[in-house]
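Data first, discussion second: the structure below is written as structure tokens.
Computed from heavy atoms alone, side chains included, the values below leave out hydrogens, waters and symmetry copies.
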Amino acid sequence: MPIKAPKGTRDILPEDIYQWNFVEEKFANLCKRFGYKEIRIPVFEHTELFQRGVGDTTDIVQKEMYTFLDKGGRSISLRPEGTAGVVRSFIEHGMSSLPQPVKLFYQITAYRYENVQKGRYREFNQFGAELLGASDPAADVEIITLLALFFQDLGIKNLELNLNSIGCPKCRGEYNKKLRAYLESKIEGMCDTCKDRFHRNPLRILDCKEETCKSIVKDAPALLDNICDECRDHFKKVTDKLNAIGIIYNIDKGIVRGLDYYTKTVFEFVSRNIGSQGTVCGGGRYDGLVEECGGPPTPGIGFALGVERLLLEMQNQGIEIPKPEAPDIYIGAIGEKAELVSERLAWQLRQHNITCIKDIMGRSVKAQMKYADKIGANYVLILGDDEIETNKAKLKDMRTGDTKDITLDTLIDRLIKNKA
RNA sequence: GUGAGUAUAGCUCAGUUGGUUAGAGCGCCAGGUUGUGGCCCUGGAGGUCAUGGGUUCGACUCCCAUUAUUCACCCCA
């Protein structure tokens with residue numbers, strides 16, 4: 001039995017890689033335009049980091065992490081997301097002593113043990129950015145505008161931006177009391193997971209998809225209507241700024257986010273066209289996270305964007321990504337003498353930054369021509385005894401089919417000129 | 001963890017009420033033209049019919065299990 005890629009993983013093949021390179025480069029350039037710097041973090045971390053950072057009560061930590069003991073007996077987990085690792089690095093390298101704010105971006109794979117479906121894999125790719133040290137609503141807006149501009153740059157239209165505020169620990173505590181009071185009498189009518197949530201994290205009951213829970217929750221007090229003055233003011237400033245820029249959004253009181261660290265602003269960009277996993281990007285503010293992970297009190301906000309979903313959406317919208325450039329020239333040879341010359345020629349061409357494919361199969365001229373055609377070479381040069389003797393050859397333009405006599409010494413200059 | 005669909009060549013798929021050497025198109029290799037691609041023609045390589053068991057004189061076809069895969073639930077990027 002041949003070995004196949006494990007469930008939920010996939011190869012990105014040479015024929016598709018240009019799409020990935022394209023969005024990766026676009027994202028990196030955009031982040032730099034906003035003053036963000038790239039950071040690379042480990043694929044695995046101490047399990048405890050995610051337990052503390054992502055949250056012990058979350059599905060991600062409870063049932064989706066790839067966790068194992070290494071040979072030293074340490075509990076290690078593959079990162080299920082990027083923020084916790086970035087925050088750990090921020091603390092470990094004393095980045096709170098850097099000029100504030102600290103702006104970071106990354107392009108990572110992440111790992112979650114889940115059942116696979118469209119737009120969801122066990123190994124998946126995320127683009128993310130984290131803005132640390134800035135508590136002002138302007139920081140929230142910067143992160144959202146970065147994303148809006150990214151989608152605009154790529155030509156993606158009609159992604160819905162959903163916004164909510166889930167308050168700070170202070171007002172959320174108040175709200176949890178209110179919510180519990182409201183739900184207490186109705187607890188018997190709720191599903192089993194929600195009965196559990198009632199004690200652990202009643203907020204997430206708001207997000208339950210069970211009909212019975214939904215109907216109970218429908219008339220529950222909304223979190224957004226019960227946040228404290230400071231949080232309300234923060235949220236208003238965020239929406240005022242978005243209005244001023246002209247970024248369209250919905251306020252969605254149901255967004256809770258599955259990670260425990262979020263505070264105040266939470267948001268997501270959603271597509272309706274790419275299956276049931278339509279959240280292309282999710283993010284929010286996490287003012288307590290750095291401290292929770294053992295660093296100095298530091299506000300932060302960031303997001304993670306699912307690259308597989310991004311590409312699905314681009315495909316869905318018919319957005320064309322420029323294909324990679326074709327090889328400049330194919331050099332074929334007949335006979336050993338010509339082969340030696342073609343080796344030297346190819347070496348020189350490549351030194352001059354010209355993409356040159358040469359024959360390494362010793363095949364017939366016809367086979368070589370067919371191959372040159374299939375790889376999309378712009379020009380073909382076939383060398384034989386005649387060419388070596390006269391130092392001249394026919395340079396064939398594969399598009400038009402025209403051939404032109406050239407001397408071998410002028411080939412490089414000619415190709416360089418063609419490229420320009 | 002749960003539910004449903006699917007599994008035949010590298011890819012996309014045929015394969016009759018169960019019948020003997022399992023097919024096509026595309027792709028790959030070669031030849032037709034021993035020095036010039038695309039079009040055309042000819043030939044070749046490539047299959048434990050997902051795996052294991054069962055029913056049957058006989059199974060790609062029917063039944064069961066397993067695995068993989070797709071979509072969905074939960075949840076999330």
Which nucleotide in the set B:A77, B:U36, B:G37 lies at the smallest distance from any side-chain heavy atom of A:Ala304? B:A77

C1' gap between B:C49 and B:G35, integer Å: 46 Å

Go through the steps for A:Asp225 and A:Lys178 under the test salt bridge (Lys or Arg N to Asp or Glu O under 4.0 Å), then give the verdict. CA-CA 12 Å; A:Asp225 302 329; A:Lys178 254 191 202 177; over 6 Å; no

Which is true for A:Glu123 with a 4.0 Å heavy-atom rule: it touches a base, it touches only sugar-phosphate, or it touches nothing? nothing

If you measure from the C1' atom in B:A45 to the same atom in B:A9, how many Å do you get, rounded? 11 Å

Under 4.0 Å between any heavy atoms, over every strand shown, what does A:Lys118 touch: base, sugar-phosphate, or nothing? Just pick one. sugar-phosphate

Measuring from the side chain of A:Gln277 (C-beta onward, heavy atoms only), which nucleotide among B:C76, B:G32, B:U70 has the closest atom? B:C76

For B:A7 versus B:G54, give the span between their P atoms, rounded off to a whole number of Å. 23 Å

Starting at CD of A:Gln317, measure out to CD of A:Gln315 and round the result to the nearest 0.5 Å. 11.5 Å

Are the side chain of A:Arg272 and the backbone of A:Gly278 linked by a donor-acceptor contact shorter than 3.5 Å? no

Distance-only, no hydrogens or angles: does the A:Glu308 side chain make a donor-acceptor pair with backbone N or O of A:Asn125 under 3.5 Å? yes

What nucleotide, of B:U70, B:A30, B:U36, holds the atom closest to the side chain of A:Val365? B:U36

With a 4.0 Å cut-off on heavy atoms, is A:Gly401 in touch with a base, just the backbone sugar-phosphate, or nothing at all? base

For a stem of at least 3 consecutive Watson-Crick or G-U pairs with distances under 3.5 Å, i pairing with j, i+1 with j-1 and so on, which stems involve RNA chain B? B:1-7 with B:67-73, B:10-13 with B:23-26, B:28-32 with B:40-44, B:50-54 with B:62-66

If we take the P atom in both B:U61 and B:U48, what is their distance in whole Å? 16 Å

Counting only N and O atoms by type, is there a donor-acceptor contact under 3.5 Å from the side chain of A:Asn243 to the main-chain atoms of A:Thr239? yes

Scan A:Tyr121 against the nucleic acid and name what it touches under 4.0 Å (heavy atoms): base, sugar-phosphate only, or nothing. base

Both conditions, 6.0 Å and 45 degrees, for the charged tip of A:Arg40 above the ring of A:Tyr106: are they met here? no

Ignoring the backbone of A:Gln117, work out which of B:C73, B:A77, B:U33 is nearest its side chain. B:C73

Stacking between A:Phe124 and B:A77, defined as ring centres under 5.5 angstrom apart with planes under 30°, is that present or not? yes

Taking OP1 and OP2 of B:C29, is either one under 4.0 Å from a side-chain nitrogen or oxygen of A:Lys374? yes

For B:A72 and B:A14, measure between their P atoms and round to the nearest Å. 23 Å

A:Arg79 side chain vs A:Ile41 backbone, donor-acceptor pair below 3.5 Å: yes

Just call it for A:Val307: base, sugar-phosphate, or nothing, with non-hydrogen atoms closer than 4.0 Å on any strand. nothing

Check the angle between the aromatic planes of A:Phe127 and A:Phe27 and answer parallel, tilted or perpendicular using the 30° and 60° thresholds. parallel

Side chain of A:Lys370: nearest nucleotide among B:A77, B:G37, B:G35? B:G37

After noting the C-alpha distance and the side-chain angles of A:Glu343 and A:Lys358, does the key distance pass the salt bridge (Lys or Arg N to Asp or Glu O under 4.0 Å) rule? CA-CA 8 Å; A:Glu343 285 287 11; A:Lys358 79 174 281 292; 3.4 Å; yes

C1' spacing across the pair B:U66 / B:C29, given as an integer number of angstrom: 38 Å

For A:Gln368, answer base if it contacts any base atom (sugar-phosphate contacts may also be present), sugar-phosphate if it contacts only those atoms, and nothing otherwise; contact means non-hydrogen atoms under 4.0 Å. nothing

Just checking A:Gly119: base, sugar-phosphate only, or nothing, at a heavy-atom cut-off of under 4.0 Å? base

What's the gap between B:A50 and B:A59 when it is taken at their P atoms, as a whole Å value? 15 Å

Roughly, in whole Å, what's the span from CD in A:Glu308 to P in B:A77? 13 Å

Between A:Asp386 and A:Arg122, who's closer to the 5' end of RNA chain B by nearest nucleotide? A:Asp386

Over all strands shown, is A:Asn125 touching base, sugar-phosphate only, or nothing at heavy-atom distances under 4.0 angstrom? nothing

Using only side-chain N and O atoms of A:Ser276, determine if any of them is under 4.0 Å from OP1 or OP2 of B:C73. yes

For a quick test of reading the model: is some side-chain N or O of A:Arg363 closer than 4.0 Å to OP1 or OP2 of B:C29? yes

RNA chain B contacts made by residues 4-27 of chain A, counting heavy atoms under 4.0 Å: A:Lys4, A:Lys7

Tell me which nucleotide among B:G37, B:C76, B:C74 gets nearest to the side chain of A:Met398. B:G37

